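All remarks here apply to the structure that follows.
Please read all numbers here as calculations on a predicted model, not as lab measurements. Residue indices begin at 1 and follow the sequence shown.
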Amino acid sequence: MKQSTYRYLGLFDLALLGAFLAFFGVGALVVSPVLVGMLVAGVGLLLAGTVAAVSVGPVTVTWRLFVSVSYAIFALSWPAMYGPAVVAGTATQTEVVLFLAMTVGSLSLLAYGYDMFRDGQHFDVDADVTRTVEV
């Protein structure tokens with residue numbers, strides 16, 4: 001896989017979010033933290049596929065960190081849909097099962113994000129973007 005393909009995943013995520021907001025309105029961002037997570041993750045993946053690094057003063061954030069954070073946000077957003085009801089004890093049996101399934105599924109996203117953070121020990125992603133942005 002090439003680094004530049006993350007921009008398409010980010011654009012797809014932002015397109016899904018845009019369609020959702022067009023259907024339900026911008027007020028849905030306040031109701032669901034999942035939508036805010038989608039926004040942050042989509043922008044992170046778009047940056048990861050577009051630039052090699054972003055430098056802000058002495059701090060440089062590489063594309064791998066953008067990927068890692070985006071995947072971690074995706075992983076935490078899935079269980080967050082049903083987590084509050086499960087913690088409050090108001091979840092139905094179906095919601096509890098969905099929460100458990102999403103939590104287990106999220107572990108694969110966390111594993112991928114962690115591997116990207118560690119420079120891709122298990123997943124091979126070729127860095128093909130060389131542009132660095134300095135802010």
Side-chain angles (χ1 to χ4, degrees):
M1 187 167 127
K2 294 182 187 261
Q3 171 196 355
S4 58
T5 58
Y6 286 113
R7 93 175 54 126
Y8 302 114
L9 181 57
L11 287 172
F12 179 70
D13 177 56
L14 293 173
L16 284 175
L17 178 62
F20 189 85
L21 293 177
F23 189 74
F24 291 107
V26 180
L29 283 172
V30 178
V31 175
S32 177
V34 174
L35 298 178
V36 177
M38 282 182 68
L39 176 65
V40 173
V43 170
L45 288 172
L46 186 60
L47 283 170
T50 307
V51 298
V54 175
S55 294
V56 180
V59 178
T60 300
V61 179
T62 66
W63 67 272
R64 288 189 177 277
L65 187 58
F66 284 122
V67 171
S68 299
V69 169
S70 296
Y71 270 78
I73 290 171
F74 280 136
L76 297 174
S77 294
W78 284 5
M81 286 187 261
Y82 297 106
V86 170
V87 170
T90 59
T92 64
Q93 184 177 3
T94 303
E95 290 172 332
V96 171
V97 170
L98 285 171
F99 172 76
L100 293 174
M102 288 180 174
T103 301
V104 170
S106 293
L107 293 175
S108 64
L109 294 175
L110 283 173
Y112 184 80
Y114 181 69
D115 188 58
M116 285 296 105
F117 179 73
R118 295 181 58 224
D119 293 329
Q121 303 294 322
H122 301 288
F123 297 99
D124 187 30
V125 179
D126 297 325
D128 64 342
V129 177
T130 58
R131 183 177 327 123
T132 299
V133 176
E134 294 185 25
V135 180

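Follow the hydrophobic side-chain contacts under 4.5 Å out from Val34 and you never reach Leu21; the two are in separate clusters. Grouping the Ile, Leu, Val, Met, Phe, Trp and Tyr side chains by contacts below 4.5 angstrom, directly or via other members, places Val69 with Val56. Val96 and Trp78 end up in the same hydrophobic cluster when Ile, Leu, Val, Met, Phe, Trp and Tyr side chains are linked at under 4.5 Å. Hydrophobic cluster membership is shared by Ile73 and Val36, with clusters built from Ile, Leu, Val, Met, Phe, Trp and Tyr side chains linked at under 4.5 angstrom. Linking Ile, Leu, Val, Met, Phe, Trp and Tyr whenever their side-chain heavy atoms come within less than 4.5 Å puts Val43 and Met38 in one cluster.
A distance of 6.5 Å separates CD of Gln121 from CG of Asp115, quoted to the nearest 0.5 Å. Rounding to the nearest 0.5 angstrom, the gap separating the OG atom in Ser32 from the CE atom in Met81 is 8.0 Å. Atom CD of Gln3 and atom OG1 of Thr62 lie 9.0 Å apart (nearest 0.5 Å). If you take CG on Leu45 and CG on Leu47, they are separated by 9.0 Å, rounding to the nearest 0.5 Å. Rounded to the nearest 0.5 angstrom, Leu39 CG and Asp13 CG are separated by 8.5 Å. Separating the CG atom in Asp128 from the CE atom in Met1 is a distance of 10.0 Å, to the nearest 0.5 Å.
Side-chain contact between Val129 and Thr50: absent, with no pair of heavy atoms (C-beta onward) separated by less than 4.5 Å. Leu46 is listed as a side-chain neighbour of Leu11, based on a closest heavy-atom distance under 4.5 Å. Side chains of Arg64 and Asp119 form a contact here, defined as non-hydrogen atoms less than 4.5 Å apart. A heavy-atom distance below 4.5 Å is found between the side chains of Met102 and Tyr82. The shortest distance between side-chain heavy atoms of Thr5 and Leu9 does not fall below 4.5 Å. Inter-residue side-chain proximity for Ser55 and Thr132 is flagged as met; some heavy-atom pair is nearer than 4.5 Å. Residues Val67 and Leu65 fail the side-chain proximity criterion, which asks for heavy atoms closer than 4.5 Å.
Using cut-offs of 30° and 60° for the angle between ring planes, the Trp63 and Tyr6 rings count as tilted.
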Audit row: Met116, Phe123, side-chain contact (heavy atoms from CB on, under 4.5 Å) steps and yes/no: CA-CA 8 Å; Met116 285 296 105; Phe123 297 99; 3.9 Å; yes
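For the residue pair Ser77 and Gly37, the shortest heavy atom distance occurs at OG-CA, 4.1 Å. Shown here for Ser70 and Ala41, the closest heavy-atom pair between the two residues is OG-O, 3.1 Å.
Separation of the Phe20 and Phe24 ring centroids falls under the 6.0 Å cut-off.
Tested against Leu35 for a side chain to side chain contact (heavy atoms under 4.5 Å, CB included), the candidates Leu16, Leu17, Val40 yield a single pass: Leu17.
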